[in-house]
Amino acid sequence: MTRPLLEIRGVETFYGHNQALHGVDLDVREGEIVTMIGANGAGKSTLMMTICGVNKATRGSIHFDGKPIHLIPPHEIIRLGISLSPEGRRIFPRMTVFENLQLGTAAIGPAHFDEDVQKIFALFPILERRQSQRAGTLSGGEQQMLAIGRALMGRPRLLLLDEPSLGLAPLIARQIFDTLRELNKSQGLTVFLVEQNANHALKLAAKGHVLVNGRITLSGTGEELLTHPDVKAAYLGGGAH
């Protein structure tokens, strides 16, 4: 079996004296969509920020394409081919849609900008129509599309998505997940997704994990977790899915 693109082993992360992650182990293989579900405060965003180097792992290791990345700064991690679409979107509201997309190339340079921005406009046509508009005036769904588009402008080998459906209407959330499925299918994009929306996330994923209080408590295929009694009770309304 080929080596995972992302390997996380025994990762522990602290905020001061408070431990947020407890011995997290997981793999993401090239071309996979892997999801992690968990309640608010479970440590999902902490894990994302630890992968990106914003938070430092106190113990354990993180390897990307065989290279250790847990000790290098965030800008070097981005250059290796990891892009994050963060929780809460964090677009630049006073800048235009077009300018936000330009920022997505900061780590790799503008050589492929014209080609790549057209791909983003094909993926999210509303962004082309709104390209001269200030990003802060977009709807929540449009801002999420922009955040994903900006991350894709970095030509990532691994796309990290932190709560992409948060605060979105169900129809818009479904469109976001459908787009991720298409990117994975047509381009082989590798995606690691953390979500509270277990239904959508597990249907999308080849593999899934459940994070509770900083610990992975369950792992399996997306289908296995969708039908697991504990997951159904905690995240799927007692079984409705």
Side-chain angles (χ1 to χ4, degrees), residues 4-29 32-64 67-74 77-78 80 82-90 147 151 158-167 180 190-222 224-238:
L5 184 62
L6 179 70
E7 297 174 273
I8 299 175
R9 295 290 180 269
V11 162
E12 300 185 2
T13 302
F14 286 76
Y15 289 113
H17 296 293
N18 297 317
Q19 188 166 358
L21 297 177
H22 300 261
V24 171
D25 292 299
L26 66 84
D27 293 338
V28 180
R29 296 190 176 277
E32 279 187 333
I33 298 178
V34 175
T35 193
M36 176 169 282
I37 62 171
N40 191 33
K44 303 186 305 298
S45 293
T46 299
L47 178 59
M48 286 295 196
M49 291 301 180
T50 303
I51 294 169
C52 291
V54 176
N55 297 332
K56 291 299 179 187
T58 309
R59 299 186 186 92
S61 65
I62 304 173
H63 286 71
F64 179 69
K67 303 178 185 69
I69 63 170
H70 50 282
L71 298 175
I72 65 176
I77 293 173
I78 293 170
L80 289 174
I82 298 177
S83 287
L84 170 67
S85 177
E87 181 184 7
R89 302 182 266 279
R90 300 188 195 175
L158 173 64
L159 177 64
L160 304 177
L161 290 169
D162 193 350
E163 302 280 11
S165 74
L166 187 66
L180 295 174
T190 307
V191 179
F192 181 41
L193 162 74
V194 302
E195 257 293 339
Q196 290 186 61
N197 188 328
N199 186 30
H200 278 310
L202 292 174
K203 285 180 178 177
L204 185 68
K207 292 191 305 192
H209 305 276
V210 178
L211 194 69
V212 178
N213 295 326
R215 291 179 171 88
I216 294 178
T217 59
L218 280 173
S219 297
T221 67
E224 286 169 348
L225 292 185
L226 271 172
T227 58
H228 194 287
D230 291 348
V231 173
K232 290 165 75 172
Y235 303 104
L236 297 170

| task | Indicate whether the side chain of Ser165 and that of Glu195 have a donor and an acceptor atom separated by less than 3.5 Å. | result | yes
| query | Between Lys56 and Ile72, which heavy-atom pair has the shortest distance, and what is it? | reply | NZ-O, 2.8 Å
| task | Could you give me the CA-CA distance, side-chain angles and deciding distance for Val28 and Leu5, then say whether side chain to side chain contact (heavy atoms under 4.5 Å, CB included) is met? | result | CA-CA 6 Å; Val28 180; Leu5 184 62; 5.6 Å; no
| Between CG of Asp25 and OG of Ser61, what distance do you get to the nearest 0.5 Å? | 8.5 Å
| said: Working note: Leu226 + Val231, criterion side chain to side chain contact (heavy atoms under 4.5 Å, CB included); need CA distance, chi angles, decisive distance, verdict. | reply: CA-CA 7 Å; Leu226 271 172; Val231 173; over 6 Å; no
| So, does Thr35 use its side chain to make a donor-acceptor pair with the main chain of Leu193 at under 3.5 Å? | yes
| task | Give the minimum heavy-atom separation between Lys44 and Glu163, together with the two atoms involved. | result | CE-OE2, 3.0 Å
| remark: Correct closest heavy-atom pair for Glu87 and Arg90 would be O-NE, 3.5 Å
| task | Run the numbers on Thr46 and Thr13 for side chain to side chain donor-acceptor pair (under 3.5 Å), then give the verdict. | result | CA-CA 8 Å; Thr46 299; Thr13 302; over 6 Å; no
| Can Thr217 and Asp230 be said to form a side chain to side chain contact (heavy atoms under 4.5 Å, CB included), step by step? | CA-CA 10 Å; Thr217 59; Asp230 291 348; over 6 Å; no
| note | Per side chain to side chain contact (heavy atoms under 4.5 Å, CB included), Ile33 is matched among Leu204, Leu161, Thr190 by Leu204
| Gap between atom CD1 of Ile51 and atom CG of Leu26 - 0.5 Å precision | 6.5 Å
| field | Shortest non-hydrogen contact between Leu225 and Ser219, atoms and distance | value | CD2-C, 4.1 Å
| Straight-line distance of Met48 CE to Phe192 CZ, nearest 0.5 Å | 5.0 Å
| said: Using side chain to side chain contact (heavy atoms under 4.5 Å, CB included), reason through Ile82 and Ile69 one step at a time and then give a plain yes or no. | reply: CA-CA 11 Å; Ile82 298 177; Ile69 63 170; 3.9 Å; yes
| request: Taking all non-hydrogen atoms of both residues into account, name the closest pair between Asp27 and Glu7 and its distance. | output: OD1-CA, 3.8 Å
| task | Kindly say whether Met36 contributes a backbone atom to a donor-acceptor pair with the side chain of His209 at under 3.5 angstrom? | result | no
| said: Within this structure, what is the CG-CG distance for the pair Leu180 and Leu159, rounded to the nearest 0.5 Å? | reply: 7.0 Å
| message | Please give me the minimum heavy-atom distance between Leu211 and Tyr235, naming the atom from each residue. | response | O-OH, 4.2 Å
| message | Rounded to the nearest 0.5 Å, what separates atom CG in Leu160 from atom CD1 in Ile77? | response | 10.0 Å
| query | If you measure from CG on Asn55 to CG on Leu21, what distance do you get to the nearest 0.5 Å? | reply | 8.5 Å
